[in-house]
2 protein chains.
Amino acid sequence: MTSSRPPEEVHDRCSHCIGREHSICSAIEDCDLAILASESSKMTVPDGRSFIEEGSPAHDFFVVTGGRVKIFTLLPDGRRQITGFAEGGDFLGLAASKSYAFGAEALGTAVLCRFPHASMQRLTARFPNLEHRLRQEASRELSLLQARMTLLGRKTARERLATFLMERIRLLGAACQETPHQIELDLPMPRTDIADYLGLTIETVSRVLSAFKREGLISIRNITHITIMQFERISAIAEGLE
Amino acid sequence: MTSSRPPEEVHDRCSHCIGREHSICSAIEDCDLAILASESSKMTVPDGRSFIEEGSPAHDFFVVTGGRVKIFTLLPDGRRQITGFAEGGDFLGLAASKSYAFGAEALGTAVLCRFPHASMQRLTARFPNLEHRLRQEASRELSLLQARMTLLGRKTARERLATFLMERIRLLGAACQETPHQIELDLPMPRTDIADYLGLTIETVSRVLSAFKREGLISIRNITHITIMQFERISAIAEGLE
DNA sequence: CCCTCACCTTGACCTGGATCAAGTCTGGGG
DNA sequence: CCCCAGACTTGATCCAGGTCAAGGTGAGGG
């Protein structure tokens, strides 16, 4: 809360981190957190600011520790494909060899933990478990991308939106899984981003959401807050069963 | 060439393997090849036979050592998205946690090297370098998938086909890169597979290829063999510049 | 409290690629 | 050598989603 932080705070930074349990940092024991902290640095990125440029040399990995981030690729004429949204605990930077295969920018104010490649190398040398954790992370992401390719290549607009809603629900975690009726959802990204994520236009996103509302599948409280009214049917649409 | 092979052949299998230099097996020293061979087994898959079932428990990794393989996901109604083609030296099985996120079947007769997860675990424990190599492999694949998502979400049919041709050219390696005019290409997969790979229908694939031919960009010798006549223009179309 | 700007929704129309329906080509078997 | 089946091409038509063009809407600033 104070603006001038004592130096020991640096070494304690990781223990209070929101990413502590879910991120790759869980591969490191509490007693070694000071090492983790010394190899990384915290950075705050303002809304809309890009912090990874597609094609630029890949020097760092990132862990999102606060706020949200969007990952995307661009075509020369400006067409954009958002390949993912990242939030608390998510790891960034695996999709790169010498240079990043994607760009990234903050969606709202975002807080990141930056790990230079050299630091990560020191860490994986010291904690072999971490390397395995990174591979797991990559595998998880590869699995997700398989599904996303099927969405982009083969699903209709309705199916894409339904799948997107299911993804957001799954992201809430086991929180309110007990009541599959009436799930409150917020969509923190503008329609433009949803469209670029689903390979659609903003108008189509808007129309399909309106149609879902008309059919009583969801109710739209305001732009960012919607309520899932018929979980099962949306789930069925997402799988292409309706 | 003999049908009954002496037992020592097993331990020698890896040293003559086509995947030796390009696959993950390059992370292991020559002197340890016997260990590698003892942890893996060779298998031959006939044309069209499926050997990974999407959603089934993931027990093995595979290295393609001969022939080709297609990787895909299915929707319940049969719509299919081919997420990749694998050939000599390619690694399969990273896109899985408890179960495979994809199915796989042979495209022509394929030869595979199978590594049970338990074996891979023993190998990575013994050769820490291998774990790093697996992560690299995952990163490479993640980078490729970023580009493929842009293709599926944002490119036109012409751009998709042009990108596909560029991919096949790049796959020839530095072989005939000296003469970027008149590149011989073979497309070992049927049109159906190209369509499912690019998120199009077979008719559109056929029409676009015919259009390319009409425009003098390629010439079609027969179904599987085409010649690239104007590399630069195809490259430009692939990037969305034309 | 109202204005304004950025974002979203809705409507009218268009089009790229899908669908439906014939042909055509090719290679293997009789 | 011819026939046949499977794979590909081509043409005609259709339609989901894109494009173009008005309106809404609501949060922040004056």
Side-chain angles (χ1 to χ4, degrees), chain A residues 47-48 70 75 77-82 107-109 151-164 185-215 218-226 237 240 242, chain B residues 47-48 70 75 77-82 107-108 151-164 185-215 217-226 237 240 242:
Chain A
D47 186 20
K70 50 192 171 193
L75 289 175
D77 62 1
R79 276 174 287 174
R80 184 178 67 156
Q81 177 65 46
I82 292 186
L107 174 59
T109 303
L151 178 144
L152 291 174
R154 289 301 182 212
K155 286 189 178 177
T156 66
R158 279 175 71 86
E159 289 164 358
R160 291 178 200 210
L161 259 303
T163 307
F164 175 68
L185 216 54
D186 76 332
L187 308 178
M189 67 291 287
R191 297 286 187 267
T192 316
D193 288 352
I194 300 178
D196 283 348
Y197 180 64
L198 299 177
L200 300 170
T201 59
I202 179 176
E203 292 95 331
T204 300
V205 169
S206 192
R207 268 189 261 272
V208 171
L209 286 180
S210 297
F212 281 175
K213 177 171 126 188
R214 213 176 313 119
E215 298 167 33
I218 64 173
S219 94
I220 302 178
R221 299 170 52 207
N222 66 48
I223 295 172
T224 58
H225 290 82
I226 71 168
I237 295 172
E242 188 168 331
Chain B
D47 185 20
K70 50 191 172 193
L75 289 175
D77 63 0
R79 276 174 286 174
R80 184 178 68 156
Q81 177 65 46
I82 292 187
L107 173 61
L151 178 143
L152 292 174
R154 289 302 182 212
K155 287 189 178 178
T156 65
R158 279 175 72 85
E159 290 164 359
R160 291 178 201 210
L161 259 303
T163 307
F164 175 68
L185 215 54
D186 76 332
L187 307 178
M189 66 292 288
R191 298 284 187 267
T192 315
D193 288 352
I194 300 179
D196 283 348
Y197 179 63
L198 299 177
L200 299 170
T201 59
I202 179 177
E203 292 94 332
T204 299
V205 169
S206 191
R207 269 189 260 272
V208 171
L209 286 180
S210 297
F212 282 175
K213 176 171 126 188
R214 212 178 313 119
E215 298 166 32
L217 301 177
I218 63 175
S219 93
I220 302 178
R221 299 171 51 207
N222 66 48
I223 295 172
T224 58
H225 290 83
I226 71 168
I237 295 172
E242 186 168 332

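What you see is a predicted model, and the numbers here were worked out from it, not measured in a lab. First the proteins, then the strands, lettered A, B, ... as listed; each starts at 1.
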If you walk 5' to 3' along DNA chain D, what is the first nucleotide with an atom under 4.0 Å of a heavy atom in chain A, and what is the last? dG17(D) to dC20(D)
Looking at side-chain heavy atoms only, is the closest gap between Leu107(B) and Pro190(B) below 4.5 Å? yes
Quick test: give all pairs of protein nitrogen or oxygen and nucleotides 2-4 of chain C nitrogen or oxygen below 3.5 Å, distance rounded to 0.1 Å.
none

I need a per-nucleotide contact map over nucleotides 10-23 of chain C, read 5' to 3'. Cutoff is protein heavy atoms under 4.0 Å; write B for the base, S for backbone only, - otherwise. BBB----SSBB---
Between CG of Leu185(A) and CD1 of Ile218(A), what distance do you get to the nearest 0.5 Å? 9.5 Å
Once you round it to whole Å, what is the distance between P of dG27(C) and CZ of Arg221(B)? 13 Å
Residues forming a ring pair (Phe, Tyr, Trp, His ring centres under 6.0 Å) with Phe212(B), sequence neighbours excluded: none
As an exercise, state the distance from OG1 of Thr192(A) to CD1 of Ile82(A), rounded to the nearest 0.5 Å. 8.5 Å
Atom of Leu217(B), atom of Arg158(B) and distance for their closest heavy-atom approach: CD1-NH2, 4.5 Å
Please report the shortest heavy-atom distance between Gln81(B) and Gly153(A), naming the atom on each side. OE1-CA, 3.2 Å
Going by number, which of residues 185-197 of chain A have a non-hydrogen atom under 4.0 Å from DNA chain D? none
Checking the side chain of Ser210(A) only, and the main-chain atoms of Ser206(A) only, is there a donor and an acceptor separated by less than 3.5 Å? yes
Arg160(B) side, atom CZ; Leu151(B) side, atom CG - distance, nearest 0.5 Å: 5.5 Å
How long is the straight-line distance from CZ of Arg221(A) back to CG of Asp186(A), given to the nearest 0.5 Å? 9.5 Å
Sequence neighbours left out, what pairs pass salt bridge (Lys or Arg N to Asp or Glu O under 4.0 Å) with at least one residue falling in residues 193-205 of chain A? Lys70(A)-Asp193(A), Arg80(A)-Asp193(A), Arg80(A)-Asp196(A), Asp196(A)-Arg154(B)
Whole-Å distance separating the CD1 atom of Ile223(A) from the C1' atom of dA6(C): 9 Å
Taken to the nearest 0.5 Å, the spacing of Ile194(A) CD1 from Leu200(A) CG works out to 10.5 Å
Could you give the distance from CG (Leu198(A)) to CZ (Phe164(A)), rounded to the nearest 0.5 Å? 6.0 Å
Using every non-hydrogen atom in the two residues, find where Ile237(B) and Ala162(B) come nearest and quote the distance to one decimal. CG2-CB, 3.6 Å
